[in-house]
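Just so we're on the same page: letters track the sequence lines, and every chain starts at 1.
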Amino acid sequence: MIDKTVESLTVAVGGITDGATVMVGGFGEAGSPIELIHALIDHGAQGLTVINNNTGSGEVGLAALIKAGCVAKMICSYPRSMNSTVFPDLYRSGKIELELVPQGTLAERIRAGGAGIPGFYTPASVGTPLAQGKEQRTFDGTDYVLEHGLRADFALIKGKCADRYGNVVYNKTARNFSPLMATAAGTTVVQVAEIVPAGDMDPEVVITPGIFVQRIVLVPNPAHESDLVRKGVSYP
Amino acid sequence: MIDKTVESLTVAVGGITDGATVMVGGFGEAGSPIELIHALIDHGAQGLTVINNNTGSGEVGLAALIKAGCVAKMICSYPRSMNSTVFPDLYRSGKIELELVPQGTLAERIRAGGAGIPGFYTPASVGTPLAQGKEQRTFDGTDYVLEHGLRADFALIKGKCADRYGNVVYNKTARNFSPLMATAAGTTVVQVAEIVPAGDMDPEVVITPGIFVQRIVLVPNPAHESDLVRKGVSYP
Amino acid sequence: MSSVEPNVGLARDEMAQRVAADIPDGAYVNLGIGIPELITKFVPEGREFIYHTENGLLGMGPSPEEGQGEPELINAGKRQVTALPGAAYFHHADSFAMIRGGHIDLCVLGALQVSEGGDLANWSTGAPDAIPAVGGAMDLVAGVKLVYVITQHCTKKGEPKLIESCTYPLTGTGVVNRIYTDLAVIDVTPEGFQVFELSPGVDFDYVQERTGAKLLDRSHSTDS
Amino acid sequence: MSSVEPNVGLARDEMAQRVAADIPDGAYVNLGIGIPELITKFVPEGREFIYHTENGLLGMGPSPEEGQGEPELINAGKRQVTALPGAAYFHHADSFAMIRGGHIDLCVLGALQVSEGGDLANWSTGAPDAIPAVGGAMDLVAGVKLVYVITQHCTKKGEPKLIESCTYPLTGTGVVNRIYTDLAVIDVTPEGFQVFELSPGVDFDYVQERTGAKLLDRSHSTDS
């Protein structure tokens, strides 16, 4: 019987090696798989390239992963936060690399990576410093830059509900990058607050079909980043 | 108050001019907007370029549109049918043009057209006659062809249910190309079997957000192509 | 360059209301972070706007009542919002397909600088110590049909933000259609900045003095 | 070239069952139209396969009972099917993202010709009068991890389908991994066609005589 659920967060993040590329779902705190990220900190992989829209807040979740020194490079669109100096401090001291990508280009590069598309053209960033070094091309009189598909070894994402096949639905704007990242990683790991029996999920409303998911782990009451930050929690 | 519903099929297809490019939803009979197509035949536009995966069956729906002489060119992946000689006869006699596109490339070209992506690379068709004349490029040792985004003046599609904002959900495998076509046309027209009050549709399950839809028309009991073909119906 | 005097021109809320007055009924609108967010407070009688937030919601409503918010229902500025009847959630690629594909009618962004050619700089001052962060701004200016800027006419130091040529890193070139400031509504035309409307109590010369490029009066254009 | 004698080799259902025996538990599988569809009849004890049909369904089940079908629940061959518990519907771009992105483990396609280099021709005989129709075949061979072919070893006229070089228009080059025919299971290797298994009552020479390219016996490869 196909059953992608694993018994613990430790097992869920197993196999992430030093130097791996890891996509982390979420936009700000919405959809951030905090428990999986904390398990990755405990797991101890170093020299990671992490792909997320942001760089976390406070000293929990993604910010904690960066603070723990696990991340060699961030690929993101908006590495600033009202509530975190973790990334800025490391960046200014040259201890972490940054690849800055426009948000829509980041989303599309991940989708392309998952869809077997090695390159596509977008008008975003043309004429700006972020287009420097990128191949340009004109279609119908408008200029575009060539962007490349983006893949990862692992994706860590947070869903609302899943079944044993790995079908996943999300919660409101927590959906954001997660369905894209699920398609673009060798191993996609999803933490969900609920696991339902196969057949209980309407096939019309599945957002991430199970084919894109390798591991499901139950986290019944996931923490909210803003709560932890407000309480001054620092992980570990 | 925003209300995209129109009162008749005639109004729904209004403004489709001679020589227009029209995307028609559906894969085989699933999702085929037969009533909209018949309204288009009555409307009388000529010299159309039609984009659909197939070329219809029997002498109803898309096949009837072709038989009526309205279509100058088909862009599709599979212009053969067990139950229709309409397209083959016209094609063999040189009276209709065909642009044959691999099915996945067709889907992606439509998505790209709707997403503002003028070109992308795909491995499909490399080394085959369908790659002839197309620009090729190697990424990481694999060959790809450059394909272009596809847009249309109108899209005629069939949904299951909509609200006045134009949010649409589909029925099972009738979804197929329709959500893509909705994004890639100047005017997207959707026939639905049910219109619900705004707020009755769960925002989590909307497949086509209203931003992609310009006109909604109620067709409470849409015909099934296979029923009509079985009964030997010929339209008009 | 002289600074803008207090009590001259529009207050921030008035600027936002002025922008709202120009948004047509039924428009799909994306609002940048900061002053643009104030626009949601103003919906002219008889109109309905549909707000898109690029993190994945169409039909964004106002901030929730105190204590009623949800950490996973937020806008692009990461503030808690609500979803109105007729809303839809979607992932980021679909959201930016709406933007890049030209489906959003209008976006209203803040600005550090706007050039008379319509170039926008709104993401970085280029300072060596700054953490570069662009978000969705480059996608928005590249894809949205109309790009409006809402900004104070001058910086806090009194330097003009509307200038001949941007000195900060660009967000996009030739993308801005119209600028709403505390002092005036100014169109970007092929001939350069053109004053469309002066704020109450503000005259043309006053605005010109605080602008780093030549301003055309609306009547000049009508004459030519 | 002599034709294949009746009652020699596997029947179509047996061929389909032979393919099913090689599909691992939990595999995501896409089946072409025709003989490949027969494979759904055979699921080895203790295994679960998930069938993908490229028109937008993962978790495709068997044909419905007579009269229970729905015109809008069909497979890529446009035949009515069912959806199993755990199924999901999606649009065509998402469906072909599964294919092109390498997410489908295995597809089983019919063939007109297969070359010893693994080229597949299965969509057109190139006849001047033919209506060209490709469907999703080119996407499948370009994206699916393993491409299996199921076919009669020879055409109805007795001509070999496994040949040195295809004469019909190609579906893809160097894409076929394994071929299941009524006479044998044959791998496409860097050295060419290699017989992996002979059907009961069929010997190597019999298969070689009906093949338009040199066959390697499995043991040859082991020796080299």
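There is no contact between Ile99(C) and chain A, counting heavy-atom distances below 4.5 Å. In this structure, chain C has no heavy atom under 4.5 Å from any part of Lys160(A). Proximity to chain A is absent for every atom of Asp119(C), based on heavy atoms less than 4.5 angstrom apart. Of the two parts of Pro88(A), the backbone and the side chain both hold a non-hydrogen atom closer than 4.5 Å to a non-hydrogen atom of chain C. Tyr91(A) touches chain C through its side chain: at least one heavy atom from C-beta onward sits under 4.5 Å away, while N, CA, C and O do not. No part of Asp227(A) comes within reach of chain C, as not one of its non-hydrogen atoms sits under 4.5 angstrom from that chain. Both the backbone and the side chain of Tyr89(C) come within less than 4.5 Å of a heavy atom in chain A.
Ranked by heavy-atom pairs under 4.5 Å with chain C, the list His224(A), Glu225(A), Arg92(A), Glu29(A) is led by Arg92(A). For the set Leu57(C), Thr173(C), Ile74(C), the count of heavy-atom pairs under 4.5 angstrom toward chain A peaks at Ile74(C). The choice from Ala121(C), Ala76(C), Ser124(C), Pro128(C) that makes the most heavy-atom pairs within less than 4.5 Å of chain A is Ala76(C). The greatest number of non-hydrogen atom pairs below 4.5 Å with chain C, out of Ala30(A), Ser32(A), Ala131(A), Gly127(A), is found for Ala30(A).
Ring-plane geometry between His92(C) and Phe27(A) is classed as tilted, the angle between the planes lying from 30 to 60 degrees on a 0 to 90 degree scale.
The pair Asp89(A)-Lys95(A) does not count as a salt bridge, with every side-chain nitrogen at least 4.0 angstrom from each carboxylate oxygen. Under a 4.0 Å N-O distance rule, the pair Glu72(C)/Lys158(A) qualifies as a salt bridge.
With rounding to the nearest 0.5 angstrom, the OG1 atom of Thr151(C) is 9.0 Å from the CD1 atom of Ile179(C).
Checked by atom type, the side-chain pair Ser63(C)/Gln80(C) shows no donor-acceptor distance below 3.5 Å. Side-chain contact check for Ser178(A) and His91(C): no donor-acceptor pair (N or O, by modelled atom type) lies under 3.5 Å. Under 3.5 Å, the side chains of Asp140(A) and Thr142(A) contain no donor-acceptor pair of N or O atoms.
Contacts between residues 166-176 of chain A and chain C, defined by a heavy-atom separation under 4.5 Å, are made by Asn171(A), Lys172(A), Thr173(A), Ala174(A), Arg175(A), Asn176(A). Listed in order of number, the residues of residues 96-125 of chain A that approach chain C to under 4.5 Å between heavy atoms are Leu98(A), Leu100(A), Val101(A), Pro102(A), Gln103(A), Gly104(A), Thr105(A), Ala107(A), Glu108(A), Arg111(A), Thr122(A), Pro123(A), Ala124(A), Ser125(A).
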